[in-house]
Q: 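Here you go, one structure.
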Amino acid sequence: QKEVEQNSGPLSVPEGAIASLNCTYSDRGSQSFFWYRQYSGKSPELIMSIYSNGDKEDGRFTAQLNKASQYVSLLIRDSQPSDSATYLCAVRRTGTYKYIFGTGTRLKVLA
Amino acid sequence: GAGVSQSPSNKVTEKGKDVELRCDPISGHTALYWYRQRLGQGLEFLIYFQGNSAPDKSGLPSDRFSAERTGESVSTLTIQRTQQEDSAVYLCASSLGTLTYEQYFGPGTRLTVT
């Protein structure tokens with residue numbers, strides 16, 4: 001079992017729709033969770049961090065964390081073609097500064 | 001302020017040569033990370049520094065790989081006797097460390113071993 005798992009996609013959504021990206025993790029004691037966006041040929045760019053159960057909203061992005069289910073998700077509202085990228089989920093291991101990244105979900109927003 | 005910078009942006013080297021990759025973290029960031037990303041694949045953790053100490057070197061693929069950091073500043077990743085399988089993008093990231101754990105990435109160094 002991978003420590004951080006994501007569906008590789010591609011996930012295709014029409015422009016203006018809500019894109020839902022999911023991530024599960026295996027270390028129950030993980031405390032910090034992050035979503036990054038990576039355009040092809042570019043480095044990852046931080047979108048959001050979340051540390052507590054529940055929802056955290058930032059503009060069109062909402063991160064959701066459920067520690068009991070070991071699940072974190074990212075919702076993108078009003079998806080735009082410019083949102084087309086690979087989205088990486090990252091989890092910080094308990095008691096360390098080490099981060100484990102998922103392999104990413106490729107999102108395609110169709111105009 | 002300035003973000004994380006890396007140099008060179010691209011490096012082509014012959015198999016068997018040594019290479020040095022440099023990372024300048026965001027000023028004041030105590031934690032620094034190196035990752036490797038092969039084409040079409042995810043991020044592979046290599047090493048991280050807290051200050052100039054490297055508590056976790058578990059990701060270094062072999063003894064041909066080494067890294068050092070000067071204080072809370074520049075870090076250098078050295079690959080000796082490069083092999084073709086070392087071809088990848090090498091990414092550096094930094095974070096404030098104890099106050100926040102958000103990592104910010106540099107643009108990466110694309111290494112090609114011929």
Side-chain angles (χ1 to χ4, degrees), chain A residues 1-10 21 23-27 29-52 56 58 61 63 65 72 74 85-107, chain B residues 3-7 9-10 21 23-26 29-60 69 72 88-110 112:
Chain A
Q1 181 188 8
K2 289 183 181 177
E3 291 190 64
V4 178
E5 295 208 50
Q6 296 181 256
N7 188 318
S8 61
L21 304 162
C23 172
T24 58
Y25 59 94
S26 61
D27 181 357
S30 297
Q31 298 172 332
S32 309
F33 308 86
F34 308 87
W35 283 100
Y36 287 83
R37 177 174 62 196
Q38 187 173 27
Y39 291 112
S40 180
K42 301 294 186 182
S43 61
E45 170 192 8
L46 180 68
I47 299 174
M48 292 189 71
S49 58
I50 186 166
Y51 305 102
S52 304
K56 179 181 178 182
D58 184 358
F61 299 98
L65 175 61
V72 58
L74 179 71
T86 296
Y87 289 79
L88 304 172
C89 171
V91 174
R92 185 177 68 88
R93 270 187 171 174
T94 308
T96 77
Y97 289 109
K98 186 170 182 176
Y99 296 72
I100 306 298
F101 281 79
T103 53
T105 297
R106 193 155 63 98
L107 173 66
Chain B
V4 179
S5 62
Q6 293 186 245
S7 61
S9 55
N10 280 286
L21 312 180
C23 172
D24 276 280
I26 294 172
H29 280 198
T30 62
L32 185 148
Y33 305 79
W34 284 99
Y35 296 90
R36 178 169 71 179
Q37 189 172 34
R38 290 192 165 116
L39 188 62
Q41 299 189 19
L43 273 69
E44 177 186 359
F45 169 82
L46 297 178
I47 188 171
Y48 88 83
F49 290 90
Q50 180 59 34
N52 62 5
S53 167
D56 191 339
K57 302 180 182 179
S58 64
L60 292 177
R69 187 179 184 194
E72 293 184 350
V89 175
Y90 289 82
L91 291 161
C92 174
S94 70
S95 73
L96 275 174
T98 53
L99 295 180
T100 177
Y101 304 111
E102 296 172 346
Q103 291 186 56
Y104 297 89
F105 283 84
T109 293
R110 182 175 299 277
T112 303

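Sequence lines set the chain letters: A, B, ... in the order given, protein chains first and strands last, and positions in each chain run from 1.
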Q: Going by heavy atoms in the side chains, are B/Q103 and A/F34 under 4.5 Å from each other?
A: no

Q: Sub-3.5 Å donor-acceptor pair from the side chain of A/T103 to the main-chain atoms of B/G42, do we have one?
A: no

Q: What's the shortest heavy-atom distance between A/S43 and B/P107, and which atoms?
A: OG-CA, 3.8 Å

Q: Select one option (side chain, backbone, both, neither) describing which atoms of A/Q38 are under 4.5 Å from chain B's heavy atoms.
A: side chain

Q: Sequence neighbours left out, what passes side-chain contact (heavy atoms from CB on, under 4.5 Å) with B/K57? Give chain and number order.
A: B/I47, B/A54, B/L60

Q: Taking side chain as everything from C-beta outward and backbone as N, CA, C, O, which of these in A/L88 sits under 4.5 Å from a heavy atom of chain B? Side chain, backbone, both or neither.
A: side chain

Q: For B/Y33, give me all partners under ring pair (Phe, Tyr, Trp, His ring centres under 6.0 Å), at least two apart in sequence or on another chain.
A: A/Y99, B/Y48

Q: Say you draw a straight line from CD of B/E102 to OG of A/S32; how long is it, rounded to the nearest 0.5 Å?
A: 9.5 Å

Q: Are side-chain heavy atoms of B/F45 and A/F101 found at a separation under 4.5 Å?
A: no

